[in-house]
Amino acid sequence: MNNYEIVMGLEVHIELATRHKIFCRCKNTFAKRPNSVVCPVCLGLPGALPVLNPEVVSCAVRMGLALQGELDRDSRFDRKNYFYPDNATAYQITQFYRPILRGGAVLVQTGDGHETVIRIHEMHMEDDAGKLTHDPENHVSLVDFNRKGVPLLEIVTEPDFRDADQVIAFLEKIRMFALYLGISDGKLHEGSLRADVNLSLRKAGTDELGVRTEMKNLNSFVSIRRAIAYEAKRQEEVLTSGEKVVFETRRFDEATGTTKVMRTKEEVMDYRYFPEPDLLPVHLSEAYINTLKEQMPEFAPEKSMRYQSAYGLTEEEARILTKHPATAQLFEKTLELWTETGASQLTARRAKSLASRICGDLMYLCREKQAESGTWKITPEALCELLKMQEAGTITAKTARDVFALMFDKDIRPMVYVNENHLLITKDEDALASAVDAVIKAQDKSVSDYLSGNEKALWHLLGCVMKETNGQADPAAVRQLLLAKLAQLKG
Ligand code: ADP
Ligand code: ZN
Ligand code: MG
């Protein structure tokens, strides 16, 4: 790829998690039973009229603010005409002439710390189509209209991407916006975030855009990376052999890692866009925009900076804590509860220990259980209770970790649990003394090793006493007592 530069632009679809569909009162939920969430509007029955769901506008405006573009105060809907069996109206309602957002910019950072501004061309609202299932064995195709009318935002970028890392960083940022705004779960593999990649090559050092292809069916970051690598190489081979790249839509095939022609320029449809006569323009008042502006959340990059400067967390810790809003919320709420008690100079230390519990144990549990962030049962109240007990020295670090792991999928009150299971650190000094005596008697080899100057033998004896007390003894107290008894033996 020495002679050529890769140029890419994205078309990203975000499925919105609104309560209702975009133009009717059907629930916007994932229903297993086909055609169970449908009505005359989304089935395209004659005479049924669409009514715009205001939730969708709110999602669009907030995403528009995040993308820092120009919101059209009077955007419109248009009909994109085409027939397909999963689309009973024979047209899609989208925004073509007056999209709700034009322009915008997203700063993306790639692994090497390199920053690039990706310009947004436009963003618009539209409805999703239904779903076809082909059953070649029985020679039938089945159609399910549950998804018809699910609201979508489509974001179109300028051709500003030069490599796959930038594409993925951009999609991660869009997903971060969607999660923090609470407008979508942003899952690529479930289709709530979909990206089509337009890719062309041009001679390095030139400005003119080359002929592009569009790749569809990319449902993971891994597929996106593979598709880009394959397609760039394919186009390079076409160009170096003196041929021309054909403007076409290609489908990425997971199994072979290649892209295949889906439709060519000759098959590009004329959609005969015209203004949707059944819907009014979408008027946005300044007051409405301002209200939504005031409700904008603190996004991950700003949060991460704040965590680092306010609590002295590392960049890595702050990144992990802010990646998903549920994680950031657990961190912030727990710390807030914890700092209600005690001096403020403890805050940084507590933030650090809370951060390591979340970044270490919690993220490990999520990976192990293949659970999404936020699906855990851990509440800030319960976590705070646990951390307070550990801080006060009433439970050992090991007990804290064990109870925390249980809290992941069970609603546990740590204080109650610890009491019921006798996990409090043993304060019973007689019990401790007899445990130490028993170990000294049983481990005479280690004792004599220690007495003849082998300091390491003490570790073994310590471990034996902890075992003897089922881990419920305070290690510092055990150490003190052991040293005292051993000193007596020496003397
Ligand atoms: P269409 O109207 O055919 O969908 P657009 O002009 O809207 O085409 O562009 C669609 C996407 O393709 C945009 O993200 C744009 O940045 C990108 N794009 C356009 N031309 C090129 C090109 N020559 N190389 C790479 N990407 C391109
Ligand atoms: Zn409906
Ligand atoms: Mg387009």
S356/S353 under side-chain hydrogen bond (donor to acceptor under 3.5 Å, both in side chains): CA gap, chis, key distance, verdict: CA-CA 5 Å; S356 70; S353 85; 5.8 Å; no
[X] side-chain N/O to [Y] backbone N/O, donor-acceptor pair under 3.5 Å:
X: K21; Y: V37; answer: yes
X: S309; Y: M305; answer: yes
X: S304; Y: A300; answer: no
X: H121; Y: E158; answer: no
X: R202; Y: D207; answer: yes
X: D128; Y: G149; answer: no
X: S36; Y: R33; answer: yes
X: R250; Y: T259; answer: yes
X: S220; Y: H189; answer: no
X: R73; Y: L71; answer: yes

Review point. Going through the checks in order, is the side-chain hydrogen bond (donor to acceptor under 3.5 Å, both in side chains) test met by N53 and H20?
Key: CA-CA 7 Å; N53 175 357; H20 301 283; over 6 Å; no
Ring center gap for F23 and F77 short of 6.0 angstrom:
yes
Can you tell me if E315 has over 12 outside heavy atoms packed within less than 6.0 Å of its CD?
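No, CD of E315 has 12 or fewer neighbouring heavy atoms, counting only those of other groups under 6.0 Å.
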If you compare all heavy atoms of [X] against all heavy atoms of [Y], which two are closest, and at what distance to 0.1 Å?
X: P380; Y: T334; value: CA-OG1, 3.4 Å
X: V143; Y: D86; value: CG2-CA, 3.7 Å
X: D74; Y: D72; value: N-OD1, 2.8 Å
X: M125; Y: L153; value: CG-CD2, 3.9 Å

Under-4.0 Å salt bridge between [X] and [Y]:
X: D144; Y: K131; result: no
X: K303; Y: E298; result: yes
X: K233; Y: E231; result: no
X: R79; Y: E276; result: yes
X: R263; Y: E248; result: no
X: R162; Y: E5; result: yes
X: R413; Y: E385; result: yes
X: R319; Y: E317; result: no
X: R272; Y: D78; result: no
X: R194; Y: E11; result: no

Do [X] and [Y] have side-chain heavy atoms sitting under 4.5 Å apart?
X: I155; Y: I14; answer: yes
X: M123; Y: V156; answer: no
X: I224; Y: F221; answer: yes
X: L152; Y: D127; answer: no
X: H114; Y: Q109; answer: no
X: H13; Y: E126; answer: yes
X: H324; Y: L179; answer: yes
X: N198; Y: M8; answer: no

To the nearest 0.5 Å, tell me how far [X] [atom1] sits from [Y] [atom2].
X: R225; Y: L218; atom1: CZ; atom2: CG; answer: 13.0 Å
X: K148; Y: C39; atom1: NZ; atom2: SG; answer: 11.0 Å
X: Y288; Y: K293; atom1: OH; atom2: NZ; answer: 13.5 Å
X: L330; Y: L354; atom1: CG; atom2: CG; answer: 7.0 Å
X: H124; Y: Y97; atom1: NE2; atom2: OH; answer: 13.5 Å
X: S200; Y: Q235; atom1: OG; atom2: CD; answer: 6.5 Å

Mind telling me whether Y311 and Y307 have parallel, tilted or perpendicular rings, with 30° and 60° as the class edges?
tilted
- Task: Decide yes or no on ring-ring contact (aromatic ring centres under 6.0 Å, His included) for F299 and F177, but give the supporting numbers first.
- Result: CA-CA 7 Å; F299 288 121; F177 284 146; 4.8 Å; yes
Which is it for E15 and L193 under the side chain to side chain contact (heavy atoms under 4.5 Å, CB included) test, yes or no, and what are the steps along the way? CA-CA 6 Å; E15 220 173 63; L193 188 68; over 6 Å; no
CA sep, side-chain torsions, deciding dist, call: L201, V7, side chain to side chain contact (heavy atoms under 4.5 Å, CB included): CA-CA 6 Å; L201 297 185; V7 176; over 6 Å; no
Enumerate donor-acceptor pairs with a distance under 3.5 Å from any side-chain N or O in residues 403-411 to protein atoms, sequence neighbours excluded.
from : atom 1 : to   : atom 2 : distance (Å)
D409 : OD2    : K369 : NZ     : 3.3

Give the intermediate values and the outcome of side-chain hydrogen bond (donor to acceptor under 3.5 Å, both in side chains) for residues R62 and S58.
CA-CA 6 Å; R62 286 178 294 139; S58 154; 3.2 Å; yes
Pair Q92, Y82 - check side chain to side chain contact (heavy atoms under 4.5 Å, CB included), show working. CA-CA 8 Å; Q92 180 190 24; Y82 69 94; 3.9 Å; yes
- Message: So, applying side chain to side chain contact (heavy atoms under 4.5 Å, CB included) with I378, which one of L386, L365, L362, I412 is it?
- Response: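 Result for side chain to side chain contact (heavy atoms under 4.5 Å, CB included) with I378: L362.
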Check the pair D253, T258 against side-chain hydrogen bond (donor to acceptor under 3.5 Å, both in side chains), reporting the backbone distance first and the verdict last. CA-CA 6 Å; D253 181 26; T258 61; 4.7 Å; no
Under the 6.0 Å and 45° cation-pi test, does K80 pair with Y273?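 No, a cation-pi geometry is absent between K80 and Y273.
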Is there a side chain to side chain contact (heavy atoms under 4.5 Å, CB included) between T327 and W376 once you walk through the steps? CA-CA 10 Å; T327 317; W376 49 66; 3.7 Å; yes
Of K216, R251, R212, the one forming a salt bridge (charged side-chain N to carboxylate O under 4.0 Å, His left out) with D196 is K216
